[in-house]
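First the structure, in the form of structure tokens, and then the observations on it.
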Number of protein chains: 2
Amino acid sequence: MVESNGDGPARADARRSLAALLQAAKEVFSVSGVDAPVRMIAEKAGVGVGTVYRHFPQRSDLIVAVFRNEVDACANAAPVLAAQCPPGEALDRWLQRFIAFVATKRGFAAALHSGDPAYEPLPNYLLDRLAPALGGLLSAAAAAGKVRADVEPVDLLLAIARLAAPDDTGGLTAQSRRMLALLFDGLRLPPGAMWG
Amino acid sequence: MVESNGDGPARADARRSLAALLQAAKEVFSVSGVDAPVRMIAEKAGVGVGTVYRHFPQRSDLIVAVFRNEVDACANAAPVLAAQCPPGEALDRWLQRFIAFVATKRGFAAALHSGDPAYEPLPNYLLDRLAPALGGLLSAAAAAGKVRADVEPVDLLLAIARLAAPDDTGGLTAQSRRMLALLFDGLRLPPGAMWG
DNA sequence: TTAGATACGGAACGTTGTTCCGTTTTGCAA
DNA sequence: TTGCAAAACGGAACAACGTTCCGTATCTAA
């Protein structure tokens, strides 16, 4: 069953199953895509299919949970990087991490546009969670004079999401790399240098 | 079996089955989406599933055939409209038809991005088939002074395809309508009035 | 009309998402 | 520690799907 509090299930075995399922699903999805059979995930988690459906009443619930988990991990990386690196480098490394996240989520992207209402809130979840994370890094980098100060985090996230097209091997297209490089050069320009 | 010549199967019953299947699939897809079961299409066509797979070895082949059929119908409408209406009106009515086509193809759009290589040539097929059709209408309208002469058919097709987002009821979003209206106003402006 | 090729129908197979229920595990109280 | 009710588990079973197979029906050419 899905719990409303953040502590997960009350019983220890249920907590173990849930953690094993999320981990197994993440690995299976990254290898076989989001269309991988539920049984495969159950087997990898060392769990019966009944247990999968106890925790995630529908297959899409599992997909949503894994997606949100990975978004959260990406968001949580921001303060860690901010504490470890100087502002400019923290921003760079976080952007690389976000690009990698977007590039490996091809299967998810197809699911998002499948019309299933279960996936409808996911894009907003991503923006709500990552925009503040990126916003902090941007402010710090701007204060250090590394980037301009007039860039909206949401705009940058969406632009990257649209430009980061993965190739067949899981890496980025050469074209994607060039477009992203262009975008990031723009980040360092003074505002309105071209059109203002 | 898929024939290479344009006449379809040699035997009369096979031709009947093929026509009934394409018609039934078109109707079923428009009502239930492209994920509709093959059996449902076979039943609507008054045909067994074996016959479906004789004509379309894979389910995706049926989807591709219906898609191409509808693209062809859209392309063929251009010369008909050009013969029936004055140039400006012919262009308007064809654009409306193309918008309707795009708006009702939500399910197809998801299939296109599913990663299945069977759908990979479809976008180019659409452009190759519709760009000349639209090109003729555009030239005629430009010659009549109804629209500017420097618009590439492909650009216009792609722009419409990206802007025409259907709502839940099958109609166009109000936002889509506004954006398309803007685009079409731009069609009537002299070239480069704003940025030149 | 007949014979051979072609096409047909639908039962059957393998794979999937999901449900069901007998069994096991867990936490708490006696 | 032990007993017990609630919670969770496992996997067989179900339904729906894409696809295959083959005995039967239909067509065309002679």
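These figures come from a predicted structure and were not determined experimentally. In what follows, every chain begins at residue 1, and chains take the letters A, B, ... in the order their sequences are listed.
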Distance check: side-chain N/O of A:S17 vs OP1/OP2 of D:dA8, anything under 4.0 Å? no
Between A:L21 (CG) and D:dC9 (C1'), how many Å, whole number? 12 Å
Rounded off to whole Å, could you give me the CZ-to-C1' distance for the B:R54 and D:dG23 pair? 13 Å
Separation of D:dG11 C1' from A:I41 CD1 (nearest whole Å): 17 Å
Would you say a side-chain N or O of B:Q58 is under 4.0 Å from OP1 or OP2 of D:dT19? yes
So which nucleotide from C:dG17, C:dA7, D:dT28 ends up closest to the side chain of A:V38? C:dG17
Assess whether a salt bridge exists between A:K105 and A:E70, defined as any Lys/Arg side-chain N lying under 4.0 Å from an Asp/Glu carboxylate O. yes
With a 4.0 Å cut-off on heavy atoms, is A:R59 in touch with a base, just the backbone sugar-phosphate, or nothing at all? sugar-phosphate
Side-chain N or O of B:H55 less than 4.0 angstrom from OP1 or OP2 on C:dA7? no
Without decimals, in angstroms, what is the distance between B:D35 CG and D:dA16 P? 17 Å
Of A:M40 and A:G50, the one whose nearest nucleotide on DNA chain C sits closer to the 5' end is A:M40
Please report the distance, rounded to the nearest Å, between CD in B:E43 and P in D:dA16. 14 Å
Taken to the nearest whole Å, CG/B:D13 to P/D:dT28 is 7 Å
Between CG of B:L18 and P of C:dA7 the distance, given in whole Å, is 11 Å
Can B:D61 and B:Y53 be counted as having a side-chain donor-acceptor contact under 3.5 angstrom? no
Does the distance from a Lys or Arg side-chain N to an Asp or Glu carboxylate O, for A:D185 and A:R178, drop under 4.0 Å? no
Closest-nucleotide 5' rank along DNA chain D - winner of B:S60 and A:V49: A:V49
Sidechain-backbone polar pair: A:W94 side chain, A:P79 backbone, donor-acceptor under 3.5 Å: no
Kindly indicate whether the side chain of A:R16 and the base of C:dT26 share any N or O donor-acceptor pair separated by less than 3.5 Å? no
For the side chain of A:R11 and the base of D:dA7, is some donor closer than 3.5 Å to an acceptor across the two? yes
Any side-chain N or O of A:T51 less than 4.0 Å from the OP1 or OP2 oxygen of D:dG10? yes
Ion pair check, A:E43 and A:R39, cut-off under 4.0 Å: no
Testing C:dG9, D:dA8, D:dT19 for proximity to the side chain of A:A14, the answer is D:dA8
In whole Å, what is the span from the CZ atom of A:R15 to the P atom of D:dA8? 11 Å
